[in-house]
Asks: 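Have a look at this one.
Chain letters run A, B, ... following the sequence lines, proteins first and then strands; every chain starts at 1.
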There are 2 protein chains.
Amino acid sequence: MDQKAFFQKLVSFATSVHQVTNEMTKDIKSDDITLVQYGILQYIAVSQPVTLSEISDCQRISMPNTSREIKKLCEKKLCEKVTDPQDRRKQYIRLSRDGEVLMNEDFNRMEAIFLKRIQGASDKEMDEIGRALDLLHTKVFYVDAR
Amino acid sequence: MDQKAFFQKLVSFATSVHQVTNEMTKDIKSDDITLVQYGILQYIAVSQPVTLSEISDCQRISMPNTSREIKKLCEKKLCEKVTDPQDRRKQYIRLSRDGEVLMNEDFNRMEAIFLKRIQGASDKEMDEIGRALDLLHTKVFYVDAR
DNA sequence: TCTTTTGTTTATCATTTGATAAGTAAAAGG
DNA sequence: CCTTTTACTTATCAAATGATAAACAAAAGA
């Protein structure tokens, strides 16, 4: 396969992943949280504990705006701030109990949708899918260490 | 592998794809187009010609707002409306010359980033990645026919 | 100790976005 | 024809978001 075709395959794949996951989050947007806030919560869920700076970096939201959104999320009791005892400038953010519950619900809903999509696959196919995920995750869609 | 672990792998993979592609588009946001508008342009690029209703459906933007954003994009000369001669209510949207140029630049930039990520992979590995992409694209991250 | 740097906050403002109500024009259906 | 449906548009308003300036307190460095 020539290189151009290969990259088109990659780009079109990434686009599809976006479309599929967007479709999943459409129903989710449960409470009165916005999409930006949902994105932040997801990031916290997979990377906690995180500092405000890390959220700002990874979600591409300026520090002042990150601070504002986290404040709102804390007011909604979905996450909590903990001051680092070693460096009292730092604030570690974690999901609160309620936040954990919310995110778990959402992940379960995503699971259900994925399950629907791959229902009918044999054990062998599931294995292949698992290996394909590992391969792409490590070789192409790895996330830089922070 | 148990089912729970399998889905966690899927979710974490989808999250990584999001993070990686978000990182790509951060530099892109070249002209004075917003992220929403960029999303619309990307959708047009891969699916053109599209109607306003299709954009509205797939991007989850209400018709009035879709209409407004397309109007802005047309004013910026990035896309064009063509009335369907068969059904004069329908408006087909396509990228304009400038729009094609813009999207090509962006796709090339994405290609370059992907290339950097998989540089050093042997032909055999490239083949494996290609097959993994096909597998996941058809079995898991397929996009429903419209 | 004094200055600089780092991590975060507050405040303010313009712009973008989302939601809704009310419209137009063309096609489809009776 | 006349009514209904479809595809889209215009207008308006509140809310969310992005960008910027200015502040603060703690830590690091001179």
Asks: Write down the distance between CD1 (B/I93) and C1' (D/dC8), rounded to a whole number of angstrom.
Replies: 10 Å
Asks: How many Å lie between CD on B/E69 and P on C/dG18, as a whole number?
Replies: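 These atoms are roughly 8 Å apart.
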Asks: To the nearest Å, how far apart are A/I40 CD1 and D/dA16 P?
Replies: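 About 13 Å, once rounded to whole Å.
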Asks: OG1/B/T21 to CD/B/Q42 distance, rounded to the nearest 0.5 angstrom?
Replies: 8.5 Å
Asks: Tell me, for nucleotides 7-13 of chain C in 5' to 3' order, what letter each nucleotide earns: B for a base near a protein heavy atom under 4.0 Å, S for only sugar-phosphate near one, - for neither?
Replies: SBBBB--
Asks: Please report, rounded to the nearest Å, how far the P atom of C/dT17 is from the CD1 atom of B/I61.
Replies: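 It is 8 Å, rounded to the nearest whole Å.
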Asks: Does a side-chain N-to-carboxylate-O contact under 4.0 Å join B/D134 and A/K9?
Replies: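 Looking at A/K9 together with B/D134, the answer is yes, because their closest N to O distance falls below 4.0 Å.
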Asks: Mind checking what makes salt bridge (charged side-chain N to carboxylate O under 4.0 Å, His left out) contact with B/K116, not counting sequence neighbours?
Replies: none
Asks: Would you say D/dT17 has OP1 or OP2 under 4.0 Å from some side-chain N or O of A/T34?
Replies: yes
Asks: Residues in side-chain hydrogen bond (donor to acceptor under 3.5 Å, both in side chains) with A/D57, at least two apart?
Replies: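 Residues passing side-chain hydrogen bond (donor to acceptor under 3.5 Å, both in side chains) with A/D57: none at all.
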Asks: For A/R131, what residues pass the side-chain hydrogen bond (donor to acceptor under 3.5 Å, both in side chains) criterion, not counting sequence neighbours?
Replies: none
Asks: Send over the distance from A/D57 CG to C/dT6 C1', rounded to a whole Å.
Replies: 13 Å
Asks: Answer with yes or no whether the side chains of A/Q19 and B/Q59 bring together a donor and an acceptor at under 3.5 Å.
Replies: no
Asks: How sharply is the helix from C/dT1-D/dA30 to C/dG30-D/dC1 bent, taking the axes over five pairs at either end and rounding to 10 degrees?
Replies: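 One end axis against the other gives 30°.
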Asks: Output the rounded distance in Å from CD1 (B/I55) to P (D/dT9).
Replies: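 These atoms are roughly 10 Å apart.
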Asks: Could you tell me the separation between the OG1 atom of A/T51 and the CD1 atom of A/I70, rounded to the nearest 0.5 Å?
Replies: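 It is 10.0 Å, given to the nearest 0.5 Å.
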Asks: Once you round it to whole Å, what is the distance between C1' of D/dG18 and NZ of A/K72?
Replies: 12 Å
Asks: Does D/dT20 have its OP1 or OP2 closer than 4.0 Å to a side-chain nitrogen or oxygen of A/S62?
Replies: no
Asks: Applying ring-ring contact (aromatic ring centres under 6.0 Å, His included) as the test, list every pair that has at least one member in residues 111-137 of chain A; sequence neighbours left out.
Replies: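 Checked against ring-ring contact (aromatic ring centres under 6.0 Å, His included) - neighbours excluded - the pairs reaching residues 111-137 of chain A are A/F114-B/F141, A/H137-B/F13.
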Asks: Rounded to whole Å, please give me the gap between CZ in A/R60 and P in D/dA19.
Replies: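 Atom-to-atom, A/R60 to D/dA19, this comes out as 12 Å.
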Asks: Taking atom types as modelled, is there a side-chain donor on A/T83 or A/Q91 under 3.5 Å from an acceptor on the other?
Replies: yes
